[in-house]
2 protein chains.
Amino acid sequence: MLSQAIQDYLKTIYKLEEDGTVSTTAIAKELNISGASVTGMLKRLASMKLVDYNSYKGVRLTNEGRKIALEIIRHHRLLELYLREALGFPLEKIHDEACRLEHVVSQDFLQKIEEILGNPEYDPHGHPIPSKDGDIEISNEKPLVNFRNGDVVIVKRLSDHDPQMLSYFEKMKILPSTIIRIVDKAPFNGPITVFFNGESQIIGNEISKNIFVELYEEKEEN
Amino acid sequence: MLSQAIQDYLKTIYKLEEDGTVSTTAIAKELNISGASVTGMLKRLASMKLVDYNSYKGVRLTNEGRKIALEIIRHHRLLELYLREALGFPLEKIHDEACRLEHVVSQDFLQKIEEILGNPEYDPHGHPIPSKDGDIEISNEKPLVNFRNGDVVIVKRLSDHDPQMLSYFEKMKILPSTIIRIVDKAPFNGPITVFFNGESQIIGNEISKNIFVELYEEKEEN
DNA sequence: AACAGATTTTAGTCCCATCTAATTTCAAAT
DNA sequence: ATTTGAAATTAGATGGGACTAAAATCTGTT
Ligand SMILES: [Mn+2]
Ligand SMILES: [Mn+2]
Ligand SMILES: [Mn+2]
Ligand SMILES: [Mn+2]
């Protein structure tokens, strides 16, 4: 069994990999540990064939490493959803709890909650949940701030790094699948006036970089 | 935060303390580690004032140590019950899962499941669940084997050490609150014929040492 | 080409939790 | 009182995972 530390490293590297190969410092920042510690661990991970590591040049996950990362991410996201749906956790508390539980839950446990949740596809932040054999949807939402006046968008995903921001999202009822019309973007990266849930609201520019959306196509169903 | 290892030591010492002070070897056996390792840890626990330790004479928990032990036991038992009631885990699988989860669940998590379970008093094996401030019922059930022909008893608690035995109990529907009449005890520690749930069954003598019961007093309620 | 600054790695240390082998202590029986 | 076997402790080692301080490497600028 891989240690909690190793599992979290792999998960972190997976997340950072979107932007090409991953630097020591990036991992250190993300995990809040020293660069030296990261270098040490990267060597170990390399010797276990979980990453490809070139001194001074960063790391990438091997297929094996990626498989494990996705496994843990699967745990994490199923847990987040369960905490929210079944136990009524507030949005900003699910991440930390899931990050501890993800390393100790059994397959049995996951099986049960997945069943109870009805084989869900997304976690409460809108992140796709990897399948048992490590398939994961590649999503391409853009931050709300990228869109223009008049655009109608649907929220797909919320950035999950700042608990306070999540608490704000929850209070504002800005959640995955919320439909938002952009009324007005103030100049010079100013606040954005939006309309949703029958109300007009003003949200900060910074916030709007953390709401990932897609253009909404209204589909008439019979 | 105390490590998982320390938490499990304290829990183990608590359980073994029923029989006076606790020996190094007893702990080692229970945790499946070497005696030398236990000696080392006992010194650390003593230096943390979690146990009173006298070389060659065994340990006892301090009040502080006991408080922590009961806290973890509380986690364990609430989790066992939740796994069974909410997730439908079979009796023999709840212990291991709870033993991993007990070290990482937050107060929030426990609060939620306690509420969902309706402030339960007993876990699925019939063990009392300690209160938040560490009060716990002292129970005095005796093993079924101690009783005599004709006695009618109520199951209070099942020994939880052998998963296979637990699976057997579940299959047989011998569970806490089951009422059993002892029909016949074969001589020389032979099998015991019992009657419950409208059926006659024969159970081994060994098994009957692991079913803890009380004499049942039928109370006529109006 | 040389330098400056940032990034990264190395060297050395620490604590935790375990191990095996050797030694010491205890208690029971002779 | 000695002996002896079991129980417990000490001594020494290991691996994991973190740290700080110092050295090395890289990169972008003069
Ligand atoms: Mn984690
Ligand atoms: Mn998430
Ligand atoms: Mn445990
Ligand atoms: Mn129990």
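In the text below, chain A, chain B and the rest are named by the order of the sequence lines, each starting its count at 1.
Remark: C1' of dG15(D) and CD1 of Ile6(A) are 11 Å apart, rounded to the nearest angstrom. Here dT7(C) presents its C1' atom at 16 Å from CG of Asn54(A), a figure rounded to the nearest Å. Protein atom CG of Leu50(B) is 13 Å distant from nucleotide atom P of dC16(C), rounded to whole Å. Rounded to whole Å, the distance from CD on Gln4(A) to C1' on dA18(D) is 12 Å. Note: NZ (Lys43(B)) to C1' (dA11(D)) measures 10 Å, nearest angstrom. One interatomic measurement links the two molecules: CG of Leu10(B) to C1' of dA17(C), which rounds to 15 Å at whole-angstrom precision. Going from atom CG of Leu45(B) over to atom P of dC15(C) covers 17 Å, rounded to whole Å.
Taking only side-chain nitrogens and oxygens, Ser55(B) never comes nearer than 4.0 Å to OP1 or OP2 of dT25(C). OP1 or OP2 of dC16(C) has not a single side-chain nitrogen or oxygen of Tyr9(B) nearer than 4.0 Å. Neither OP1 nor OP2 of dT7(C) sits under 4.0 Å from any side-chain N or O of Ser23(A).
Residues of residues 33-42 of chain A that place a heavy atom closer than 4.0 Å to DNA chain D, in numerical order, are Ile33(A), Ser34(A), Ala36(A), Ser37(A), Met41(A). DNA chain C is contacted by no residue of residues 96-106 of chain B, taking any non-hydrogen atom closer than 4.0 Å.
Residue pairs satisfying the side-chain hydrogen bond (donor to acceptor under 3.5 Å, both in side chains) criterion with at least one member in residues 31-42 of chain A, sequence neighbours excluded, are listed as follows: Ser34(A)-Ser37(A). Residue pairs meeting the ring-ring contact (aromatic ring centres under 6.0 Å, His included) criterion with at least one member in residues 97-136 of chain B, sequence neighbours excluded: His125(B)-His127(B). The salt bridge (Lys or Arg N to Asp or Glu O under 4.0 Å) analysis of residues 54-67 of chain B, with sequence neighbours excluded, yields the pairs Glu17(B)-Arg60(B), Glu17(B)-Arg66(B).
Residue whose closest nucleotide on DNA chain D sits further toward the 5' end, between Met48(A) and Lys57(B): Lys57(B).
Candidate nucleotides dT18(C), dG17(D), dC16(C) were compared by shortest atom distance to the side chain of Arg44(B), and dC16(C) ranks first. Distances from the side chain of Tyr56(A) to the nucleotides dA24(D), dA18(D), dG16(D) place dA24(D) closest.
The side-chain contact (heavy atoms from CB on, under 4.5 Å) test applied to Pro191(A) returns Ala186(A), Ile202(A), not counting sequence neighbours.
Using modelled atom types and a 3.5 Å distance limit, the side chains of Asp108(B) and Ser106(B) yield no donor-acceptor pair. Under 3.5 Å, the side chains of His161(A) and Glu30(A) contain a donor-acceptor pair of N or O atoms.
A salt bridge (Lys or Arg N to Asp or Glu O under 4.0 Å) with Arg74(A) holds for exactly one of Glu102(A), Glu121(A), Glu114(A); it is Glu114(A).
Between the CE atom in Met165(A) and the CD atom in Glu92(A) there is a gap of 13.0 Å [rounded to 0.5 Å].
The two atoms that bring Ala5(A) and Met41(A) nearest to each other are CB-CE, 4.1 Å, heavy atoms only.
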